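All figures in this text were calculated on a predicted structure; none of them were measured in a lab. Each chain gets a letter, A, B and so on, in the order its sequence line appears, and its residues count up from 1.
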Amino acid sequence: MPELPEVEVVRRGLARWVLGARLGPVEVLHPRPVRRHEAGPLDFAGRLAGVRVTDVVRRGKFLWLALDDGDAVMAHLGMSGQLLLQPRSTPDERHLRVRIGLQFPADDSAASGRELRFVDQRMFGGLSLEKLVPTPDGLPAGLGAGGRAEPLLPAPVLHIARDPLDPDLDERALIERLRSRRTGVKRALLDQTLVSGVGNIYADEALWRARLHFARPTDQLTRPAARRLLDAVREVMREALAQGGTSFDALYVNVNGESGYFDRSLAVYGQEGRPCPRCGTPVRRDAFMNRSSFTCPHCQPRPRQGRW
DNA sequence: CGCATATCCTGACCGC
DNA sequence: TGCGGTCAGGATATGC
């Protein structure tokens, strides 16, 4: 499942290869992934044709192509979304949903002859055309190509909080907001309006590193504990990015949540019954929020009055 | 308002 | 072989 590190790998790939390209023609093969576009798939395709990509920006799990007409193509990969830069001759993927033609300013671009494909089996994700608006705090919206600070963000991203890798994240304020919540710490981590980019996998991995149980009430967290948790989130995301990012030089942009990182480096997520890498106690799985949470029962003891 | 939960969606997998 | 049930979970709408 694509969380922040996987989306960042895609952003880097796109920034490298799609910057400056003109979009079009656009073909929507399934209406659901463009459901956010009120005027419908045909309008979506028509409006994209001819615009030029000026930057590729990310906040949390949201990604957008800034366009030279002041709008942006916003993308969310949901659970199974992929953005692929494929040769036009490559046969359509089984779950190809949107095809976006690319015209490059120079014929010698390594990406010439390729098109951008949105592939998504389960269609929780999608693409939409959005207005770019200033951030409420006046700080940059996110980082684009070459580390450029972009001042604008798509309107639907306004309520999405800064992510742990954002240099403008106000960590002190976040810690106080976290501690003022009346819920369990994992629920808070997954709340994209508090801090963005964290999904089920990195939440479990960070909680394990910080030795916190997911049901620990947020208002019981000391400031140092909250700080350790945020550091753990950043650390696990940076490590994942380093491993997942090994192939972003290749002319191929891919995310399917099954990079080598997933197989090799997860301490607890998906590891039910396997030994905790720290103490050897078998990892435990609990149902939580209609999904699973993985913990080491020894390193992360359940609080007496936990909030699931 | 803050917090919790139902919903969307497809395909792999399992037991019968 | 087929069938029904379960599971995966990010964002959002709705409920309390």
Side-chain angles (χ1 to χ4, degrees), chain A residues 1-8 10 28-38 58-64 74-83 92-98 118-128 130 153-164 174 176-207 214-221 233 237 240 255-259 262-263 266 268-273 285-294 305-308:
Chain A
M1 273 57 68
E3 300 182 29
L4 187 153
E6 293 75 33
V7 180
E8 175 62 11
V10 173
V28 177
L29 294 99
H30 195 297
R32 182 160 173 85
V34 296
R35 63 194 176 280
R36 293 186 76 126
H37 192 80
E38 301 264 341
R58 181 191 57 75
R59 174 180 288 201
K61 303 171 209 171
F62 284 85
L63 178 72
W64 61 95
M74 185 177 84
H76 197 291
L77 301 177
M79 293 183 54
S80 52
Q82 297 170 267
L83 283 166
D92 289 1
E93 291 75 12
R94 176 132 101 107
H95 302 294
L96 177 63
R97 308 304 188 187
V98 183
F118 183 73
V119 177
D120 192 4
Q121 182 215 123
R122 286 151 79 179
M123 295 187 290
F124 274 47
L127 304 178
S128 59
E130 305 289 349
L153 79 174
V157 183
L158 274 170
H159 70 289
I160 300 296
R162 293 182 180 282
D163 61 61
L174 171 54
E176 294 316 308
R177 280 188 75 196
L178 177 66
R179 297 176 67 238
S180 70
R181 291 279 170 116
R182 295 292 179 271
T183 186
V185 65
K186 183 169 172 181
R187 276 184 190 278
L189 273 185
L190 296 177
D191 182 346
Q192 306 294 303
T193 67
L194 185 67
V195 60
S196 68
V198 185
N200 204 37
I201 297 167
Y202 292 103
D204 277 5
E205 292 298 304
L207 288 166
F214 60 82
R216 171 69 58 187
T218 45
D219 53 344
Q220 286 180 13
L221 288 174
V233 172
M237 283 185 167
V255 157
N256 56 21
E258 295 177 17
S259 63
F262 277 71
D263 292 345
L266 294 177
V268 286
Y269 182 83
Q271 308 298 311
E272 183 180 14
R285 180 165 78 101
D286 287 295
F288 170 84
M289 287 173 79
N290 285 330
R291 57 208 67 184
S292 294
S293 274
F294 297 89
Q305 294 163 330
R307 295 211 184 95
W308 291 41

[X] has an atom [atom1]; how far is it from atom [atom2] of [N], in whole Å?
| X | N | atom1 | atom2 | answer |
| --- | --- | --- | --- | --- |
| A/R35 | B/dC8 | CZ | C1' | 8 Å |
| A/D191 | B/dA4 | CG | C1' | 12 Å |
| A/L189 | C/dA11 | CG | P | 14 Å |
| A/R59 | C/dA11 | CZ | C1' | 16 Å |
| A/R182 | B/dA4 | CZ | P | 12 Å |
| A/L96 | B/dT10 | CG | P | 15 Å |
| A/R291 | B/dA6 | CZ | P | 12 Å |
| A/R32 | B/dT7 | CZ | P | 15 Å |

Check your understanding: Looking only at side chains, do A/S80 and A/R122 share a donor and an acceptor under 3.5 Å apart?
Key -> no

Phosphate-side-chain proximity, [X] and [N], N/O vs OP1/OP2 below 4.0 Å:
| X | N | answer |
| --- | --- | --- |
| A/Q192 | C/dA11 | yes |
| A/R122 | C/dA8 | no |
| A/S292 | C/dA8 | yes |

Starting the side chain at C-beta, find the nucleotide from [options] nearest to [X].
| X | options | result |
| --- | --- | --- |
| A/T183 | B/dG11, C/dA11, B/dA4 | B/dA4 |
| A/N290 | B/dC3, B/dA6, C/dG10 | B/dA6 |
| A/H95 | B/dT10, C/dA11, B/dC8 | B/dT10 |
| A/K61 | B/dG11, B/dC9, C/dA11 | C/dA11 |
| A/H76 | B/dC3, B/dT10, C/dA11 | C/dA11 |

Check your understanding: Does any N or O in the side chain of A/E3 come within less than 3.5 Å of the main-chain N or O of A/I201, such that one atom is a donor and the other an acceptor?
Key ->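 Between the backbone of A/I201 and the side chain of A/E3 there is a qualifying donor-acceptor contact (under 3.5 Å).
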
Review point. Do the side chain of A/Q305 and the main chain of A/R216 share a donor and acceptor less than 3.5 angstrom apart?
Key: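 Side chain of A/Q305 to backbone of A/R216, a donor-acceptor pair under 3.5 Å: no, none is there.
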
Point to revise | G-U wobble or Watson-Crick pairing nucleotide for B/dC1 (cut-off 3.5 Å, both distances) | key: none

**Study point:** Nucleotide forming a Watson-Crick or wobble pair with C/dT1, both distances under 3.5 Å
**Key:**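 Pair assignment: C/dT1 / none.
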
Check your understanding: Considering the options A/F118, A/W64, A/F62, which one meets the ring pair (Phe, Tyr, Trp, His ring centres under 6.0 Å) requirement together with A/H76?
Key ->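 So, applying the ring pair (Phe, Tyr, Trp, His ring centres under 6.0 Å) to A/H76 and each of A/F118, A/W64, A/F62, only A/F62 qualifies.
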
Review point. Is there side-chain contact between A/L207 and A/L189, with at least one heavy-atom pair below 4.5 Å?
Key: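 Contact flag for A/L207/A/L189 side chains = yes.
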
Exercise for review: Would you check if A/D120 and A/H30 make a side-chain contact, meaning some heavy-atom pair closer than 4.5 Å?
Suggested key: no

Give [X] one of three labels, base, sugar-phosphate or nothing, depending on what nucleic acid heavy atoms sit under 4.0 Å from its own.
| X | result |
| --- | --- |
| A/R187 | base |
| A/H159 | sugar-phosphate |
| A/R36 | sugar-phosphate |
| A/R285 | sugar-phosphate |

Exercise for review: Hey, which sits more toward the 5' end of DNA chain B by its nearest nucleotide, A/R94 or A/S180?
Suggested key: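 Taking each residue's closest nucleotide, the earlier one in sequence belongs to A/S180.
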
